[in-house]
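The block underneath contains the structure these notes are about, expressed in structure tokens.
Below, read A as the first sequence line, B as the second, and so on, with proteins coming before strands; counting in each chain starts at 1.
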Amino acid sequence: MDFNDNREEAALRARVRAWIAENAAEYEGLPPAKTPEEYVARQRGWQKKKYGGGYAGITWPKKFGGQGRAPMEAIIFSQEESRSAAPTGLYDIGLGMCIPTVFTHGSPDVIQRFVRRALEGDEIWCQLFSEPSAGSDLAGIRAKAVRDGTDWIVNGQKVWTTNAHLCDYGIIITRTDAGAPKHKGLTMFIVDMHAEGVECRPLKQMSGASDFNEVFFDDVRIPDAWRLGAEGEGWQVALTTLMNERLAVGGKPRNSPDWSMLMRVAAITETARGPAVHQADVRERIAQAYINDRGVALTQQRALSALSQGKTPGPEQSIAKLVVARQMQEISRFALDLSESAGFLTGEDGSDLARLQDSYFWAAGLRIAGGTDEILRNIIAERVLGLPGDLRPPKDTPFNEVQPL
Amino acid sequence: MDFNDNREEAALRARVRAWIAENAAEYEGLPPAKTPEEYVARQRGWQKKKYGGGYAGITWPKKFGGQGRAPMEAIIFSQEESRSAAPTGLYDIGLGMCIPTVFTHGSPDVIQRFVRRALEGDEIWCQLFSEPSAGSDLAGIRAKAVRDGTDWIVNGQKVWTTNAHLCDYGIIITRTDAGAPKHKGLTMFIVDMHAEGVECRPLKQMSGASDFNEVFFDDVRIPDAWRLGAEGEGWQVALTTLMNERLAVGGKPRNSPDWSMLMRVAAITETARGPAVHQADVRERIAQAYINDRGVALTQQRALSALSQGKTPGPEQSIAKLVVARQMQEISRFALDLSESAGFLTGEDGSDLARLQDSYFWAAGLRIAGGTDEILRNIIAERVLGLPGDLRPPKDTPFNEVQPL
Amino acid sequence: MNFDFSEEARELQAQARRFFDAEAGPDAARRILNDEERAFDTEMWSGIVDLGLTALRVPEVHGGLGLGAEEICLISEEAGRSLAPVPLMSTLLFTEALLVAGTPQQHERWLPGIADGSVIGCFGWGEGRSQLPTAMPDTRMAKGGLVGMKVPVADAPIAHVAALTVAGDDGPRLYLVDLAQDAAAVERVDVLDLVRLHGRIALDGARAEPMGGTSAFSDFLDKAAVLTSFEAIGTQDAAMTMAVTYARERVAFGQRIGRYQAVKHKAADMYVKQQLAVAHAMHGAWAFAADAPELRQAAAAARTASLDALTFTAEENVQIHGGIGFTWESDCQFYYRRARALSAGLGSRGFWSERLVRALEQRNAETA
Amino acid sequence: MNFDFSEEARELQAQARRFFDAEAGPDAARRILNDEERAFDTEMWSGIVDLGLTALRVPEVHGGLGLGAEEICLISEEAGRSLAPVPLMSTLLFTEALLVAGTPQQHERWLPGIADGSVIGCFGWGEGRSQLPTAMPDTRMAKGGLVGMKVPVADAPIAHVAALTVAGDDGPRLYLVDLAQDAAAVERVDVLDLVRLHGRIALDGARAEPMGGTSAFSDFLDKAAVLTSFEAIGTQDAAMTMAVTYARERVAFGQRIGRYQAVKHKAADMYVKQQLAVAHAMHGAWAFAADAPELRQAAAAARTASLDALTFTAEENVQIHGGIGFTWESDCQFYYRRARALSAGLGSRGFWSERLVRALEQRNAETA
């Protein structure tokens, strides 16, 4: 066992670190971008540098413009990148989920048209899957695509689309045959987000912030050449995308409260029995938080180790979001409770209390996003432990004849 | 609101108390019975006194030998009885569950033959429902009864039968038509526990104690006249019995650990941060225990009040066992943990630690007996909150063709 | 025995409920949410006053109905259920402070206005830092008046008069402060609850009159705990109903999600926690009405159990709703936020569970 | 980086597992259960010694294999999984005490016998009252020897030698006691675990040799925590496998009970708790092997998390089995009882979670 890099890893890390230090220097100490344009420009600038330096698409096949290298190299790059001031995030969904779907299921022309431009940062992508009535049950898609000559006409609504308003293209899953069984009548397309009939609206969360969009499609035209996979095979295509999502879903959101923050808040808080940090119940929560936070981080180390050894990580990874989201809600509420009525006052941005308040709201969403607590437990029990699936209504009923039970 | 008796209740209570004081005096200070015979003799003696005094079958209709009085009177009697040294328990299942089933579903002859003798204490009854493969899913009964002239021949096995070895008669549910759907092929009978082919074996629990029996039936003959309800109607008959069980299932087992016991143990226990009773986590558990224990007791007061007002208690009652069993396991484990390795040593009967150890085992069974935690939650959600039932396989498949999914 | 509310009290509750069902609820809350000023609903307030809800506890001699604790507990439950964006709970708490600790002169001065709805009261103990309701406040008598700061105080921006905790010799005690004076400056503050108005009261030598000592304050705190427990139960019941209704209708994977045990058992747990809270709150109502020595422990248990039920239900209501529950447009946020308000309003569950154990120890010591 | 065990260690684990799968498990445990004497399985013990499991950590110079912490952690996991009714864990813990704190003479005297299986060791700290492993023991030097009482001590009735905690100047320290002396009388005691033998050691002026001071004891405690965490994880995994297997087969209401989310999610929670425990235990193994300063916190986290996982799994394994799980004939009881044994063996979760927080505070202070 060894937590340190091996020789090759260390050499790579040194190289990467030097490159990042040189290239990301210009972003240090910058204030947050003031406009969406400035935000996009920074992100695009950095993506282009990565492309130029040979650090874009590190694990992608060379024929798609990638570097064809091992996952560990991508991980080391991203670890170092996240320690720097480099502006990242805008390309994560496009390059992490959309484009791999494009190069797995798209025609050679489509690959030629889209992949390299995305990798170079020229075009930004989003993923258009969730709908108001297709959340956990993603195959319940209702957005319709109807064939019209060599085009398709799309109508419907998508939700929870990250950065839709900044994107150039998206991958969209639609129902093309309502008479087929639920999972059989779906088809995936590339859609031009600037096309006529596409409207993005910010989706306001209960916290008041808007981190996502709703996207409405009103007679939007898509050429059949932009279809990904065969007609009616959209569900299989979506599974490719989602597999990449599972790998991408990380652990704890950066800056979310952890055991040390609870310890800090408890140190300055009085209870009826003296300082909070001396109280056994508070200490118990700190211990629990450490076990959860650090346990998830160590579990991720196990997965990285497997990657580093050229193995496929085991199913351990699947526990991360389940543990993290719940923990975030518990610890935020507990710390806010400790702070009594002070934890109820808002408006002091940047304070520990403000972070706890944000987390208390954010955690409620994190318990739902990317697989609810309940769906994740099902996945763990069924895929890892081999328990049978929930009893479900027959799968072969035509979608438009399904009677909810 | 008033926790005290109203005038009539107070008068009744005074009368009852005086009667019990006089009649139960002989049991005061008695050591536990040394033999089953002695145990039965004491219980029978007390039941006969109650019968003589007009305190047996208080709420039963007069035509069955009861007193035809209000539930509140039975409650007041049983409250006073439980405060006395009177030996009770052996007749609870027979008079609480079996005989009400007999007088609801038995023929006049059968009622004539059995009801009064049971009430007088001459014959002791048990309930033979559960089987190894019919627990939560009680309708999964496999014990078979086959018609033979005016008799039925019973074969099969029952489990979790309380006091079977001391009983004279039982009510038994059997499958009489395996070709009918699961709930339709059942029939209920009275069975003579002394008949040839009936064998009772003590069923040892994981604690090592044996509080129940297994009962094996090997070609046991039952006259058709002892059938309760129509052939194939056994499930409806069983529901009568179970309805009575729900009313009978009380709260916390007597002497099980509560908040005050935890407080007592914590007062003599040191932790790394001083006396346990000063520790916030221990105090939190004490508070939780009080909320659960007292909350259940107060909930039962609500039900009693409803009875006392002549109303039917609401569904509040259904929470009692769910809360109590869980709480017992938690508090026992927590207190044993607090006692560190001393809580692991056994053999000191009667000590707080020994009671906690017993409870830790008993609670694991209580979470299962009379409806598991999971079944109770289903019942609350479906019957109280009106949520739909679990999706189940079709109910009309013949029992012997059911393929488990 | 009769461990239930009287028919009369239940009838009054039903009346209030009909009113709130028609006038209040999430839609009324959303109107306030969408109003930058968070102005309270004066029309609804008139209706409440007309119903006599502010007059309930006021003795008849002061123009009220002179009713007991039972009625006011059930009205608190309805106020909680309805999310009513009016200063009803604040005024009820202020009224109880007056009844527990006020002088005859104070009664004479303020109770008639409460009864006729012209006076809005409030109660404040927090001072903007992490602090317990029974901790010694910084606010004290100096410069011939009160000096200090109280924040957050529910409904302070619209209240005429406040009961505030002030440093006494051996703990906090209550002072009555007429807010119509320059030395008691009130401004609105932002809090997690976006419907109920909160304010900061800056006291700079404000004229104030004592209302009882520390032990009277403690009695008031227990009675306030009983009332806010009923309020919390009402809010919890509304959130539970919202969750259950959605679980009965929403379909995923071809079946209503209420069929899934994960959802169903969550709902059952909401109910179990609710029923425990109700039992303790009723015990509290009885102890309040009977002036029983159990009040301290009953109030603490009621408050702890009701906060547990409300917190769990508010959080899992969002979870049962899934993505939609996490949006601004969903009503889930009202309960999620109100759960924080109720916790912050009178000390969190940790404070009350500790108070409960102290009360149990006290009783143990007395009976030993 | 390589946060995983070496191939060699995994191979050794697989070997041990094959042996235990064939020889130990619930059936072997039941043989002991049904034996009034609770005699340990000497044949199994010979097999274990032949496999070299007692010799693993003994330096080559003393006739052992001189292997590191990784191997012994994985062997502990298998010992836990198998419920093996042999004094393997006790002997491993005694060996670590010797390695951490023993003198060269003590090594010379005892290690060869451990390696060849002729010496069974044990470790005792409890004294029959509620007490923490780090509390000052009553057992002390007097009458020219040790005076006091140690109970319960796992495997004491069959052990030749013991490492016991004794009052030092600033806390407990270890003494080595040869049990072949009249002044150290051992008798069997009854405990909740009916498979693992436990005893009381009455010390009446027993000859004893010091093994290191209080800080050495503390180091030993951390290493023992790592080993028993792996043991707990092994036991937990066996109980989880039992629960999952049953849930895949048992049918109720026409479907396998594993289809019900209430059962399924319980199983998922077992797995989640296990994986957290495994991650921390591996961190502990690394810190143990690397003599890293993180050992204190890693060991405490591993122990806390593994007891959590084991307790939950042992309890819910019974629940998933329903009525049958509550019978004497079911294997559920072995895990339900062993969970108590593992908690009692080295301090409960409360002790270790407090120790964890102290370690975190210490690290915070150092890095500040």
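- By the 4.5 Å heavy-atom criterion applied to side chains, B:Thr372 and B:Arg367 are not counted as neighbours.
- Between A:Phe212 and A:Trp362, the two ring planes are parallel [angle under 30°; tilted spans 30° to 60°].
- Contact of A:Leu405 with chain B is made through the side chain alone, with heavy-atom distances under 4.5 Å.
- When each of A:His278, A:Arg273, A:Arg283, A:Gln279 is scored by its heavy-atom pairs under 4.5 Å with chain B, the top score falls to A:Arg273.
- When heavy atoms are compared at a cutoff of 4.5 Å, A:Pro393 approaches chain B by way of both its backbone and its side chain.
- Although no hydrogens or angles enter the test, the distance criterion places a donor-acceptor pair under 3.5 Å between the side chain of A:Lys321 and the main chain of A:Leu366.
- For the residue pair B:Ser133 and B:Arg142, a side-chain donor N or O sits within less than 3.5 Å of a side-chain acceptor on the partner.
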